Amino acid sequence: MAWFQLVANGDATDPNDYNAVGGPSCSGPNHICAIQTSPDASNKPIITTPLRNEMITALNTNSSSTNVQLRTNP
């Protein structure tokens, strides 16, 4: 699995709005920063239903999880 960081003002549900990174580096309000998942053939994240649910839970609880890193205020 790999980390993919969401681009500024990106759509968290659009794989094309992510870039592969060695590790997430996030600051700002509690929004999706990065996700950890398998890459597709174009090195974009595969956003599965369980990952999408984990993203929703992270946003609802304002807490990062194993595969979802939220932006946090510096």
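As the structure is a prediction and not an experimental result, all values here were calculated from the model.
- The heavy-atom pair separating A58 from L70 by the smallest distance is O-CD1, 3.4 Å.
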(message) Using the rule given for side-chain contact (heavy atoms from CB on, under 4.5 Å), can you reason through T66 versus E54, listing the C-alpha separation, both sets of side-chain angles and the distance that settles it, and then say yes or no?
(response) CA-CA 9 Å; T66 301; E54 190 173 340; 4.1 Å; yes
Just list the side-chain donor-acceptor pairs under 3.5 Å for residues 37-50, sequence neighbours left out, or say none.
{"residue": "T37", "atom": "OG1", "partner": "I46", "partner atom": "O", "Å": "2.8"}
{"residue": "D40", "atom": "OD1", "partner": "S42", "partner atom": "N", "Å": "2.8"}
{"residue": "D40", "atom": "OD1", "partner": "N43", "partner atom": "N", "Å": "3.1"}
{"residue": "D40", "atom": "OD1", "partner": "K44", "partner atom": "N", "Å": "2.9"}
{"residue": "K44", "atom": "NZ", "partner": "Y18", "partner atom": "O", "Å": "2.7"}
{"residue": "T48", "atom": "OG1", "partner": "L51", "partner atom": "N", "Å": "3.2"}

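- Apart from W3 itself, the hydrophobic cluster it occupies contains V21, where clustering links Ile, Leu, Val, Met, Phe, Trp and Tyr at side-chain heavy-atom distances under 4.5 Å.
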Expected list for residues 4-13: side-chain donor-acceptor pairs under 3.5 angstrom, two or more places apart:
{"residue": "Q5", "atom": "OE1", "partner": "S25", "partner atom": "N", "Å": "3.3"}
{"residue": "Q5", "atom": "NE2", "partner": "S25", "partner atom": "O", "Å": "3.1"}
{"residue": "D11", "atom": "OD1", "partner": "T13", "partner atom": "N", "Å": "2.9"}
{"residue": "D11", "atom": "OD1", "partner": "T13", "partner atom": "OG1", "Å": "2.7"}
{"residue": "D11", "atom": "OD2", "partner": "T13", "partner atom": "OG1", "Å": "3.4"}

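- Residues satisfying the side chain to side chain donor-acceptor pair (under 3.5 Å) test with D17, not counting sequence neighbours, are none.
- Not a single side chain to side chain donor-acceptor pair (under 3.5 Å) links S63 to another residue, sequence neighbours left out.
- Residue M55 holds its CE atom at 4.5 Å from CD1 of I32, rounded to the nearest 0.5 Å.
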